[in-house]
Amino acid sequence: MRVLVAGGAGYIGSHTVVRLLQHGDDVVIADNFSNSSPLVVDRLRRITGRPVKVEEIDLTDTADTKALMRNAKPDAVIHFAGLKAVGESVTNPGSYYSVNLRSTLSLLAAMQEAGVYCLVFSSSATVYGMNPPVPTPEDSPTSATNPYGWTKVMGEQILTDIAASHPQWRIGLLRYFNPGGAHPCGAIGEDPLGVPNNVLPYISQVAIGRRDYLSVFGDDYDTPDGTGVRDFIHVDDLAEGHVAALHRLTTMPRSLDVWNLGTGRGTSVLELRAAFEAASGRPIPYRVTARRPGDVARSLALVTKAERELGWRAQRGLLEMCQDAWRWQSQNPDGYR
Ligand code: UD1
């Protein structure tokens with residue numbers, strides 16, 4: 001299969017490209033490198049020994065996206081492209097709605113024109129809002145607490161309506177829980193710009209000495225140690241979930257479906273910190289600070305639907321995720337820079 005990977009130079013995109021290439025699929029990456037590095041592409045070629053085509057493109061430009069789709073002639077598209085920092089989305093909502101929604105609409109228009117009807121969309125557990133049942137099944141109501149989250153809810157809604165309008169569409173919505181880790185070779189990984197928003201890259205930067213200590217956002221939650229509990233999933237498991245979803249789309253009876261990608265296992269912030277200390281052999285000092293507004297006590301995936309329908313389940317454990325994250329961080333202390 002020939003797959004156009006929008007946002008394929010980013011963290012989850014690049015790991016998915018490795019899996020697609022290893023699976024024998026051909027890949028064209030479309031990226032504007034606004035939050036990723038062109039260096040990723042050479043590393044992908046090195047890891048897989050396979051060619052990777054790259055198109056530098058702004059996907060909010062519909063004419064350019066249509067031209068790309070005509071030239072690339074993919075069988076399917078995986079759409080990772082978009083902005084993803086929650087805090088930034090609150091201070092700059094206009095650019096979040098503009099970039100995330102316009103890129104999706106532009107890709108859809110280009111796909112429709114080129115007769116490409118197979119799409120996997122990068123969504124997030126953030127669409128379950130503040131009070132979902134835990135573990136969370138896919139049929140829980142969706143909502144959001146910040147503009148980033150709303151762009152995912154709205155993106156899903158657009159795709160649901162598009163899928164209903166034309167029976168030939170095959171669309172998979174993948175709701176990620178908390179991705180972490182890196183490819184075990186250490187050549188690709190997460191490289192956040194500025195201060196990391198998410199706990200795992202933050203811990204990793206404390207371990208390497210770029211930050212002094214971890215702020216633990218609250219230890220008075222209703223959880224065993226009082227800190228937030230999350231479903232951390234190794235990025236390579238997530239990548240394999242995309243390959244499974246893509247191949248499910250080719251035999252899927254409905255035009256749209258949705259799957260959680262998580263492990264179903266919970267880890268607290270303090271447990272994660274301890275696992276990272278063990279994996280890195282470095283101390284991770286921490287201080288407990290106030291809760292972060294909008295955080296929930298626990299977030300866990302119900303994973304049975306993905307297991308049943310995609311034949312996929314997460315294989316890698318917490319320690320392996322921390323070891324792989326540390327290998328990437330220690331081999332690339334300043335990321336791709
Ligand atoms: C966050 C986003 C979510 C997004 C996801 C992408 C928020 C509120 N949610 O999820 O919309 O889809 O990232 O990966 O930002 N923590 C600390 N110290 C830190 C950072 C985090 O203690 O420096 C704690 C948080 O309070 C939380 C846990 O670590 O309990 C996980 O936080 P984070 O990594 O930001 O992920 P989520 O909040 O689950």
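For clarity, every value in this text was computed on a predicted model and none was experimentally measured. Keep in mind that the numbers below use all heavy atoms, side chains included, and drop hydrogens, waters and symmetry copies. When a residue number appears, it is its place in the shown sequence, counting from 1. Both ligands and their constituent atoms are indexed starting at 1 by order of listing.
- With respect to the salt-bridge test (charged N to carboxylate O, under 4.0 angstrom), the residues Asp75 and Arg2 do not qualify.
- Taking the side chain as every heavy atom from C-beta outward, Thr60 and Ser106 never approach each other to under 4.5 Å.
- What sits closest to atom 35 (O) of ligand 1 on the protein, heavy atoms only, is Arg292 NH2, 2.8 Å.
- For atom 34 (O) of ligand 1, the nearest non-hydrogen atom of the protein is Val199 N, 2.8 Å.
- Ring-plane geometry between His183 and His15 is classed as tilted, the angle between the planes lying from 30 to 60 degrees on a 0 to 90 degree scale.
- Salt bridge status for Lys305 with Glu138: absent, with no side-chain N to carboxylate O gap under 4.0 Å.
- No side-chain heavy atom of Ser280 sits less than 4.5 Å from a side-chain heavy atom of Ser330.
- With a heavy-atom cut-off of 4.0 Å, Tyr148 touches ligand 1 through its side chain alone.
- Protein heavy atom closest to atom 39 (O) of ligand 1, with residue, atom name and distance, is Arg230 NE, 2.6 Å.
- No option in Asn178, Thr267, Thr263 other than Thr263 meets the side-chain hydrogen bond (donor to acceptor under 3.5 Å, both in side chains) test with Asp231.
- Stacking of Arg291 on the aromatic ring of Tyr221 is recorded, both the 6.0 Å distance cut-off and the 45° axial limit being met.
- Every atom of ligand 1 with a heavy atom of Thr126 under 4.0 Å away is listed here by number and element: 11 (O), 12 (O).
- Checking Val86, Asp295, Val195 against atom 8 (C) of ligand 1, the nearest heavy atom belongs to Asp295.
- Nearest protein neighbour of atom 18 (N) of ligand 1, counting heavy atoms only, is Ser215 O, 2.7 Å.
- For atom 19 (C) of ligand 1, the nearest non-hydrogen atom from the set Tyr213, Phe217, Tyr221, Tyr202 belongs to Phe217.
- Short contacts between ligand 1 and Gly228, defined as distances under 4.0 Å to a heavy atom of the residue, involve ligand atoms 30 (O).
- Taking every non-hydrogen atom of Val216 and a distance limit under 4.0 Å, the qualifying atoms of ligand 1 come out as 22 (O).
- Using a 4.0 Å cut-off between charged nitrogen and carboxylate oxygen, Arg273 and Glu277 count as a salt-bridge pair.
- Contacts with ligand 1 closer than 4.0 Å are made by side-chain heavy atoms of Val269 only, the backbone lying farther away.
- With a 6.0 Å cutoff to the six-membered ring centre and a 45° limit on the axis angle, Arg287 counts as a cation-pi contact of Tyr213.
- If you look at Pro196 next to ligand 1, there are no close heavy atoms at all, none under 4.0 Å.
- Under the 4.0 Å criterion applied to side-chain N and carboxylate O atoms, Glu240 and Arg316 are assigned as salt-bridge partners.
- Here the heavy atom of the protein found nearest to atom 10 (O) of ligand 1 is Asn178 ND2, 4.0 Å.
- With hydrogens left out, the protein atom closest to atom 1 (C) of ligand 1 is Asn198 ND2, 3.5 Å, a heavy atom.
- Shown in contact with Asn197 at under 4.0 Å from a heavy atom are these atoms of ligand 1, numbered in order with element: 20 (C), 35 (O).
- Scanning the protein for heavy atoms near atom 12 (O) of ligand 1, the closest one is Ser124 OG, 2.9 Å.
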